[in-house]
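Single-structure report; data block below.
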Amino acid sequence: MATSHDLKSQDLSPAPFIVIAGNIGVGKSTLVRRLAGRWGCHAAHEPNDANPYLADFYRDMRTWGFHSQIFFLGKRLEQHNRICRDTLPTLQDRSVYEDAEIFARNLHLQGHLTGRDWTTYYDLYRTMAEIIRPPDLVVYLRASVDTLLARVARRNREYEKAIPADYIAQINALYESWASGFALAPLCVIEADGLDWTGTSSDSDGLDAVANTIRGHKR
């Protein structure tokens with residue numbers, strides 16, 4: 001395993017803060033965990049379990065969507081700021097940018113965030129996005145709807161079983177729109193359909209391919 005010094009000076013220099021971005025089921029969390037173990041850096045995972053509004057949100061998205069998204073925004077900014085102050089390299093599982101530009105925007109498009117709530121939320125996000133230091137690299141894992149649905153089914157999480165294909169497709173479309181205009185940090189797009197890093201071996205071909213692509217990306 002590489003030490004944190006090796007990570008900074010050999011693998012990813014000068015990029016101590018890397019975001020792993022992508023749709024539900026693409027394998028972000030597993031990739032962050034395995035790359036962090038391989039490179040000896042910190043892993044920053046999503047704060048879903050800490051959200052006190054989540055159960056209410058799933059029962060009534062229109063009533064609780066704003067509350068839930070504001071909570072996530074605050075936690076993401078807190079995490080982002082902590083990463084920027086860290087002296088060790090960090091891999092982050094999804095970013096504040098995705099929370100706002102993809103998932104909160106999708107709630108607005110679906111009518112779960114009113115125009116007033118969306119404007120209030122987005123103005124706050126946009127102001128904070130201009131203040132915080134951006135990551136050194138964003139790695140976008142792109143995958144087809146069929147691949148994402150197959151991976152969601154394979155991990156067999158009860159709360160994901162009802163996710164419809166059209167929802168995954170809508171999120172994919174928003175990811176593509178976001179990625180095409182994202183300019184706050186260098187963006188590395190990895191086609192994930194033919195790669196799999198979720199097997200039992202941490203040295204799988206998929207993991208090696210992704211690691212080599214990230215190391216070789218010109219920032």
Side-chain angles (χ1 to χ4, degrees), residues 18-32 45-48 51 54 57-58 61-62 64-66 68-73 76 80 92-126 128-129 134-135 137-155 157 159-198 206 210 213-214 217:
I18 296 176
V19 166
I20 305 297
N23 203 343
I24 299 164
V26 76
K28 300 179 310 304
S29 300
T30 301
L31 183 61
V32 165
H45 293 288
E46 292 193 85
N48 289 355
N51 189 339
L54 209 54
F57 167 74
Y58 282 125
M61 291 186 178
R62 186 172 178 85
W64 294 100
F66 180 75
S68 182
Q69 287 304 134
I70 285 291
F71 174 86
F72 278 134
L73 179 62
R76 282 288 188 200
H80 190 111
Q92 185 184 34
D93 181 354
R94 193 171 280 152
S95 65
V96 65
Y97 311 113
E98 297 159 81
D99 272 357
E101 300 288 1
I102 295 160
F103 292 95
R105 185 181 294 278
N106 189 58
L107 285 176
H108 174 54
L109 292 174
Q110 291 184 326
H112 299 312
L113 281 181
T114 66
R116 180 176 59 181
D117 285 350
W118 167 247
T119 299
T120 299
Y121 169 89
Y122 194 77
D123 284 350
L124 176 60
Y125 154 72
R126 186 171 53 189
M128 297 306 299
L137 181 66
V138 175
V139 178
Y140 168 38
L141 305 174
R142 174 190 281 149
S144 67
V145 173
D146 287 343
T147 294
L148 294 169
L149 288 173
R151 292 180 182 178
V152 166
R154 185 171 63 186
R155 63 193 189 188
R157 295 174 181 171
Y159 64 89
E160 291 181 338
K161 290 181 178 179
I163 297 177
D166 59 351
Y167 176 80
I168 296 292
Q170 173 67 12
I171 296 298
N172 251 9
L174 289 171
Y175 260 107
E176 288 299 306
S177 177
W178 167 73
S180 68
F182 184 74
L184 293 175
L187 183 72
C188 173
V189 179
I190 294 180
E191 302 294 342
D193 280 331
L195 299 174
D196 187 4
W197 49 83
T198 62
V210 173
T213 299
I214 294 174
H217 186 76

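Because the structure is predicted, anything quoted here is derived from the model rather than measured.
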[X] side chain near [Y] side chain, heavy-atom distance below 4.5 Å:
{"X": "Thr213", "Y": "Val139", "answer": "no"}
{"X": "Pro135", "Y": "Tyr97", "answer": "yes"}
{"X": "Glu101", "Y": "Tyr125", "answer": "yes"}
{"X": "Arg76", "Y": "Glu98", "answer": "no"}
{"X": "Phe57", "Y": "Leu107", "answer": "yes"}
{"X": "Arg142", "Y": "Asn23", "answer": "no"}
{"X": "Ser68", "Y": "Leu54", "answer": "yes"}

So, taking the atom named [atom1] in [X] and the one named [atom2] in [Y], what distance separates them when rounded to the nearest 0.5 Å?
{"X": "Leu31", "Y": "Ile214", "atom1": "CG", "atom2": "CD1", "answer": "6.0 Å"}
{"X": "Leu141", "Y": "Thr147", "atom1": "CG", "atom2": "OG1", "answer": "12.0 Å"}
{"X": "Glu46", "Y": "Asp99", "atom1": "CD", "atom2": "CG", "answer": "7.0 Å"}
{"X": "Phe182", "Y": "Ser95", "atom1": "CZ", "atom2": "OG", "answer": "6.5 Å"}
{"X": "Phe66", "Y": "Leu73", "atom1": "CZ", "atom2": "CG", "answer": "9.5 Å"}
{"X": "Cys188", "Y": "Leu137", "atom1": "SG", "atom2": "CG", "answer": "6.0 Å"}

Could you tell me which non-hydrogen atom of [X] sits nearest to which non-hydrogen atom of [Y], and how far apart they are?
{"X": "Leu195", "Y": "Arg151", "result": "O-NH2, 2.6 Å"}
{"X": "Asn172", "Y": "Ala143", "result": "ND2-O, 2.9 Å"}
{"X": "Asp193", "Y": "Ser144", "result": "OD1-N, 2.9 Å"}
{"X": "Ala192", "Y": "Val26", "result": "CB-CG2, 4.1 Å"}
{"X": "His108", "Y": "Leu113", "result": "ND1-O, 3.0 Å"}
{"X": "Ala104", "Y": "Gln69", "result": "CB-NE2, 3.5 Å"}

Run the side-chain contact (heavy atoms from CB on, under 4.5 Å) test on Ile20 and Asp93 for me, step by step, so that the C-alpha distance in whole Å, both residues' side-chain angles and the decisive distance to 0.1 Å come before the verdict. CA-CA 5 Å; Ile20 305 297; Asp93 181 354; 5.9 Å; no
Verify side-chain contact (heavy atoms from CB on, under 4.5 Å) between Ile171 and Ile102, making sure each step is shown before the conclusion. CA-CA 7 Å; Ile171 296 298; Ile102 295 160; 3.9 Å; yes
May I ask you to establish whether Arg105 and Tyr121 are in a cation-pi arrangement, using a distance under 6.0 Å from NZ or CZ to the six-membered ring centre and at most 45° from the ring axis?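 Geometry flag: not set, cation outside 6.0 Å or 45°.
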Please determine if Arg126 forms a cation-pi arrangement with Trp118, meaning its NZ or CZ atom is less than 6.0 Å from the six-membered ring centre and no more than 45° off the ring axis.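 No cation-pi geometry.
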Are Tyr140 and Tyr175 near enough that their ring centres are under 6.0 Å apart?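 Centroid distance Tyr140-Tyr175: below 6.0 Å, so yes.
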Go through the steps for Gln110 and Tyr167 under the test side-chain contact (heavy atoms from CB on, under 4.5 Å), then give the verdict. CA-CA 10 Å; Gln110 291 184 326; Tyr167 176 80; 3.9 Å; yes
For a side-chain contact (heavy atoms from CB on, under 4.5 Å) check, start with the C-alpha distance between Leu109 and Leu174, then their side-chain angles and the critical distance, and finish with the verdict. CA-CA 11 Å; Leu109 292 174; Leu174 289 171; 4.1 Å; yes
